[in-house]
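Every number for a ligand or one of its atoms is a count from 1 in the order of the listing.
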Amino acid sequence: MKVITVKNAQEGGKIAFTLLKDKMAQGIETLGLATGSSPETFYEEIRQSDLDFSQMTSINLDEYVGLDETNDQSYAYFMKQHLFEAKPFKKSYLPDGKAMDLEAAAKDYDRIIIENPIDFQILGIGRNGHIGFNEPGTPFDETTHIVDLAPSTIEANSRFFDSIEQVPKQAMSMGIASIMSSKTIVLLAFGSEKADAIKGMVDGPVTEDLPGSVLQNHNDVIVIADEAAASKLA
Ligand code: GLP
């Protein structure tokens, strides 16, 4: 795992953008995308660039159960606002959180990931070390599945909603096995509230108690963290 420490999220977004640009010059076809505040500066860099995604495919990590793309808290809405309106892809996939049969929708999503192997996956990390919505305790061999969100995740994400009661209690998420199948992974972390998760992920044991620690087993992971998020590293 390579760790790059940056001054702030702005600089982090620029570095992640440069990594993406280099990979696109090499001909990558499929991007794995994330939501949350961590990738916002990365998306800003992309929006301001002349990069063209019209021949590329994107696959998002996760979506809340029960929210559709018209809901401004859905991840589909987030992606439209932050990226897809400015930079349309040939095809963009997100888990269907409104599917009647969620289990079948999760299986469909796995098929999509197998048919479109992810070349470059962008990740954030939760305060409890979750990646995607894979909460502590998720088996490492899990593929796309329905998740009961941890109380700490509901609390952390309530800042985007009018009240904590409005935060969905479930999500559909790519599994850890799906994330690990990506060729390159770039994880962004900014702010002191991520310091414990980053410490455990980089220096701690590989354990299901801290899902991000599985990335130690991957051979091409770049962590971009600001000084606050990296402050507890050895
Ligand atoms: C959310 C998302 C994750 C994200 C994480 C951190 O719950 N499901 O994909 O990485 O929490 O969010 P943020 O970047 O806003 O700190």
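Ranking the protein heavy atoms by distance from atom 1 (C) of ligand 1 puts His130 NE2, 3.7 Å first. Closest protein heavy atom to atom 4 (C) of ligand 1: Thr35 O, 4.1 Å. Looking at atom 8 (N) of ligand 1, its nearest protein heavy atom turns out to be Asp62 OD2, 2.9 Å. Of all protein heavy atoms, the one closest to atom 3 (C) of ligand 1 is Gly132 O, 3.4 Å. The protein non-hydrogen atom at the shortest distance from atom 6 (C) of ligand 1 is Ile125 O, 3.5 Å. Counting only heavy atoms of the protein, atom 7 (O) of ligand 1 lies nearest to Phe133 CE2, 2.9 Å.
One N or O on the side chain of Asp203 and one on the backbone of Ala234 form a donor-acceptor pair closer than 3.5 Å.
Side-chain atoms of Ser58 and Ser92 include a donor-acceptor pair closer than 3.5 Å. The closest side-chain donor-acceptor pair between Thr30 and Asn116, if any, does not fall under 3.5 angstrom. When only modelled atom types and interatomic distance are considered, Tyr64 and Asn71 share no side-chain donor-acceptor pair under 3.5 Å.
Counting all heavy atoms, side chain and backbone alike, Pro168 lies closest to Leu149 at O-CD1, 3.3 Å.
Ligand 1 has at least one atom lying under 4.0 Å from a heavy atom of Lys194. Ligand 1 has no atom lying under 4.0 Å from any heavy atom of Glu40.
The distance from ligand 1 to the heavy atoms of Gly124 drops below 4.0 Å at these ligand atoms: 10 (O). Close contacts between ligand 1 and Gly36 involve ligand atoms 14 (O), 15 (O) [criterion: under 4.0 Å to a heavy atom]. In the vicinity of Asn157, heavy-atom distances shorter than 4.0 Å reach the ligand 1 atoms 1 (C), 7 (O).
Linking ILVMFWY side-chain heavy atoms closer than 4.5 Å, directly or via other members, places Ile131 and Val223 in a single hydrophobic cluster.
Of the heavy atoms in Ser38, both backbone and side-chain atoms come closer than 4.0 Å to ligand 1. Residue-level proximity to ligand 1 for Arg127 is absent, since no heavy atom of it falls below 4.0 angstrom. Contact annotation: for Tyr75 versus ligand 1, heavy atoms closer than 4.0 Å belong to the side chain alone.
Ring pair Tyr75/Phe133 is parallel by interplanar angle, where below 30° counts as parallel and above 60° as perpendicular.
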Check your understanding: So Met1 and Met201, side-chain contact (heavy atoms from CB on, under 4.5 Å) or not? Walk me through it.
Key -> CA-CA 10 Å; Met1 210 182 287; Met201 180 182 87; 4.0 Å; yes
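Using a 4.5 Å heavy-atom cutoff, the side chains of Glu103 and Ile146 are in contact.
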